[in-house]
Each structure stands twice: as C-alpha cells, then as structure tokens.
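Data first, discussion second: the structure below is written as structure tokens.
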There are 2 protein chains.
Amino acid sequence: MRISQLSAESGVPIPTIKYYLREGLLPQGDQTSATRAEYGQEHLRRLRLIRALLEVGRLPVAAIRKVIAAVDDERIDFHDMLGTAHYALSTPVEPPPEDEDWREARELVDRMIAGLGWSVHPLAPTRDELAQSVVTLKRLGMPTSQEDLLPYASAALDLVRDLDITKIPFDGPRDVAVETLVICEVLYGKAFDVLRRLAQESESTRILGARPCPSGDTTR
Amino acid sequence: MRISQLSAESGVPIPTIKYYLREGLLPQGDQTSATRAEYGQEHLRRLRLIRALLEVGRLPVAAIRKVIAAVDDERIDFHDMLGTAHYALSTPVEPPPEDEDWREARELVDRMIAGLGWSVHPLAPTRDELAQSVVTLKRLGMPTSQEDLLPYASAALDLVRDLDITKIPFDGPRDVAVETLVICEVLYGKAFDVLRRLAQESESTRILGARPCPSGDTTR
DNA sequence: ATAATTGGATAGTAGAACTATCGAGTGATA
DNA sequence: TATCACTCGATAGTTCTACTATCCAATTAT
C-alpha cells in the first residue's frame, strides 16, 4: 500500500500522515526505492489508534508519542510498559510547593489508596491529579472527604474489574496487550464519562419534572 | 477590592483577568470612576470557577462562556438553564453523514437510552458523543454491544443518584444550583476518571504480580 | 516522452489562551 | 501642588499545538 492509499483508507490527509511520520507516531514504511515506500495493515491500524486517541481521547500528540514509544520499545518488560502507558495517559499537574491545601489533599489521597489496599506507585502522577480535584473542590466551597470519594473508588474498581481488565489479553503478545489497555482506558473511559453526563441530564430532568428541552442551541 | 487585589487573592495575573473581562467570562466590576472599578467576593468566586473549569475540566473558554451565560441569563427558566449548561459541557462531534457505522452506533445509543427509560433530549449532542466512542471501538476491532455498555450505564446512574444529584440544591437560588451542577459534573467527573485510572493501574499490577514501577520517567 | 506520484525538507497557517505595551485618567502621598 | 503608583481600555504580540502547503529531485506509470 502506498501513502495515497493509506490516506484514502484511513481518511487522514497525506500531509497529516507525513506529519505523524515525522513526529514518530507512525513507523516508516518499507522503503523500496528512494521515492517509494510500502505501508501495510499495521500502519492502518496504528493510524486508527492515533486518531482515536486524538479525537476521542483528546490526548496531545506528545502523550501519544510516549504511549507508542512504550508499545514499540522491545527492551522494557511488560509491566513497565503498562506503567509507562498508564502514566502517559495522565494529565500532569505541578502542585505549588509549600501549599497547605495541597499537602492535605495529597495526604487524603495517599491515605485512601492505602486504605483501599490498592497497588499504586508512590510517585504516580495520578495521585496529584486526584489531589488537584480535591483541592479545587475545597476552594469552590465543596470540601471533599474520604467518605465522599470511597463510593466513587469502589465503583471505579468494579468497572475496571468487570469490563476493562477482562478484555485485556495479558497472556498474548505484549504490543496487543498494551494497545488494548490504552484503548480500554481511553475509550471506555470516555464512554463512561458520556454515560455519566447522560444519566445526570436524565436525573435532573426527572427531579425537576420538566421536559428535557433547552431553549438555546445545543452546540458548544 | 481592586483588580490587583483580585489578582493577588486568586493567583490569576492581571492581564489574564482583563482577558476574562473582555471575553465576558467575568462580569465587569463596579465602575466608580473612569479609571477605577470595584470587585467583590462574587468576582473572586467566579474567577475560581473559571480556573477550575479550565485547569481541571479542560473546558475551552468558549464553552465556559456558554455555561456562564446560562447562569447569568435571568430570562431562561431553571430547567432550560441546566440543559444549556449540560450541553455546553459536551464535546461536540460532527458525524459524517451517510456513514453506515455511525447510523448503526446512533441507533444502538438511542435504543439503549430508550430501554433504560432515561429522559434525554432527542437532540442532545451527548448521544453523538457516545456514538463516536462506539464507532471508534468498532473500527479498532473491539466492537461494543448494548450488553457491554449496560453495566457502565447503571454504574453511571448509581453514581449520579448517590453523589451528584443529592448535592445540588434544586430548591435554592438558581445560580447556585447551576453552578453546583456544573462543578459536580466537571470536578466529580474528573475525580472519578482519575480513580478509574488508579484502579486500572492497581488491577493490572495485581494481575501481573509485579511491582508498580515503570523504568521510564513518569511525566507526560 | 511525458505526466503523476512519492519522499524528504522547509515553511506557513489557524486557533486557543494568554501576555505585553501604551496612553490617558484618577487617587494617594510628599 | 507635584509626583507617583495604579487603573482602564484598546491593541498588538507571543507561545503552543496540530496541522497544511509548497518545493524539489527521483522515480514509476502511460
């Protein structure tokens, strides 16, 4: 398959494909001559993954590159690769040092994770991400305690147990496993987020007993 | 309070505050003379809301403006205001017309919402958002059925029932209610997302029986 | 022989979210 | 009263991200 066909099949314009090649998101094709390269199904597949992470997951290109680097790097072992992929998916947040609210929130998060017995790396950026939500909620006048978060935590664990983890072929080829993990994390995550918003619309409509019809336009 | 104090208390630089004023995110202060305006607690509060939606919710400024317009517009009624706020929070997606996969996905979504008995506006952009995830999962070789989504849907409903809706003072002043709804939707949504990723890290670590420690750096 | 396509390189663009500067008008201080 | 810091409002510039566009020499197809 040449680049024009790859473009036609994926719907991604040629200049964009070239951009992904430059950025290292897409591996080079099989160079058959100075001005010709051959692309295969794996390129199409990779391209679809990139577009999914970009369009549905709204991940920045730099994060996608890290995920892909983790998938492609044959040296690092399975578990480290999953970790790298996981951390590439988090939105980094740099807490202001010496901030009392932040310290407190981080402690709450750490205590909760420990209390739940979860195996989360002590330096996982995800911990700060959760602390950020806690701090922000407090500043907005809606302080959050561990008891407020625990039902969310156990619901999250149930979802992951029942639906994500069972779909990931941990015993299969490593690249397929990481790819599946990333897809589950991002796409099922998105799907759940949308379902939550749908549920919230439905419930608030029900509570107010009105018809679910805003007068304004429905575009963002 | 003058602008410099507003800046000091909120941590937002003065030029940025001016930018928010220009963009209509922040109401003008009380003009006491040609070159002086007075800001109050409500400005500080609004500024914190803006930053929360921006930094934690990653909402674009245009969406925040719509949310705020809904809160501030006294003409539209309570329920319509909630609807407007809701739809401003969704990420719009324009499905290619005449696409078979999309049609099918939208049908699945509509059937599921109807089957659950949820009160969701037929034109809610959220429906297409969910359809997008379904289409993308299919294209990535992980087709999704209603049965796959139902547990997610009921978990979402439980969460909203137990934690979000109970926190929203539907009987109080309308602006407080919408603001609370938005905060719940965005911040608890984010918190749950992080918890899900933490749970996933924990579970995949447990399944692989390894230490939760990637060799690479942990930054995005 | 000629037209189309490709790879590789370089440069340009659009949108988003700020950030900087300027000029004239206050208000507080010396 | 003079001065100086602060403010408003307007305009312009910056940075970052994700693309697009153009060009060229080298093929390859017709």
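So you know, we letter chains A, B, ... as the sequences are listed, proteins then strands, and number each from 1. Bear in mind that the values here come from a model prediction, so they are computed numbers and not experimental data. Values below: every heavy atom of this structure, side chains too, minus hydrogens, waters and symmetry copies.
- Here dG9(D) presents its C1' atom at 15 Å from CD of Glu23(B), a figure rounded to the nearest Å.
- Look at CD1 on Ile14(B): it is 18 Å from P on dA10(D), rounded to the nearest Å.
- Counting only distance, with no hydrogens or angles, the side chain of Ser90(B) and the backbone of Pro92(B) share no donor-acceptor pair below 3.5 Å.
- One interatomic measurement links the two molecules: CG of Leu25(B) to P of dA16(C), which rounds to 13 Å at whole-angstrom precision.
- From Lys190(A), atom NZ reaches atom CZ of Arg58(A) across 6.0 Å, with rounding to the nearest 0.5 Å.
- A donor-acceptor pair under 3.5 Å links the side-chain atoms of His43(B) to the main chain of Pro27(B), judged by distance alone.
- Counting heavy atoms from C-beta outward, Ser204(B) and Phe170(A) have side chains that approach closer than 4.5 Å.
- Put simply, Ser33(B) has no side-chain N or O that comes within less than 4.0 Å of OP1 or OP2 on dT7(D).
- Comparing dC8(D), dT26(C), dT27(D) by their closest approach to the side chain of Ala37(B) singles out dC8(D).
- Expressed to the nearest 0.5 Å, how far OH of Tyr20(B) lies from OG of Ser10(B) amounts to 9.5 Å.
- Distance CZ (Arg58(B)) to P (dC18(C)): 11 Å, rounded to an integer number of Å.
- You'll find a donor-acceptor pair under 3.5 Å spanning the side chain of Arg36(A) and the base of dT5(C), going by distance alone.
- Following rounding to the nearest Å, Leu21(B) (CG) and dC18(C) (P) show an atom-to-atom distance of 14 Å.
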Report, one pair per line, the protein and nucleotides 15-24 of chain D atoms (nitrogen or oxygen only) whose separation is under 3.5 Å.
unit_1: dA18(D); atom_1: OP1; unit_2: Val61(A); atom_2: N; d: 3.2
unit_1: dA18(D); atom_1: OP2; unit_2: Val61(A); atom_2: N; d: 3.2
unit_1: dC19(D); atom_1: OP2; unit_2: Tyr20(A); atom_2: OH; d: 3.2
unit_1: dT20(D); atom_1: OP2; unit_2: Thr16(A); atom_2: OG1; d: 3.2
unit_1: dT20(D); atom_1: O4; unit_2: Arg22(A); atom_2: NH2; d: 2.9

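- Between the CD1 atom of Ile3(B) and the C1' atom of dT19(C) there is a distance of 14 Å, rounded to whole Å.
- Computed from coordinates, the Ile17(B) CD1 to dG9(D) P distance equals 14 Å when rounded to whole Å.
- Each of Val186(B), Leu49(B), Asp72(B), Leu89(B) was checked for a side-chain contact (heavy atoms from CB on, under 4.5 Å) with Val67(B), and the lone residue meeting it is Leu89(B).
- The CD atom of Gln5(A) sits 14 Å away from the P atom of dA29(D) (whole-angstrom rounding).
- We find that Asp193(A) and Arg197(A) are joined by a salt bridge, their nearest charged nitrogen and carboxylate oxygen being less than 4.0 Å apart.
- Between Gln28(A) and dT6(C), a side-chain N or O to OP1/OP2 separation shorter than 4.0 Å is absent.
- Remark: Gln31(B) is not in phosphate contact with dT7(D), judged by side-chain N or O atoms under 4.0 Å from OP1 or OP2.
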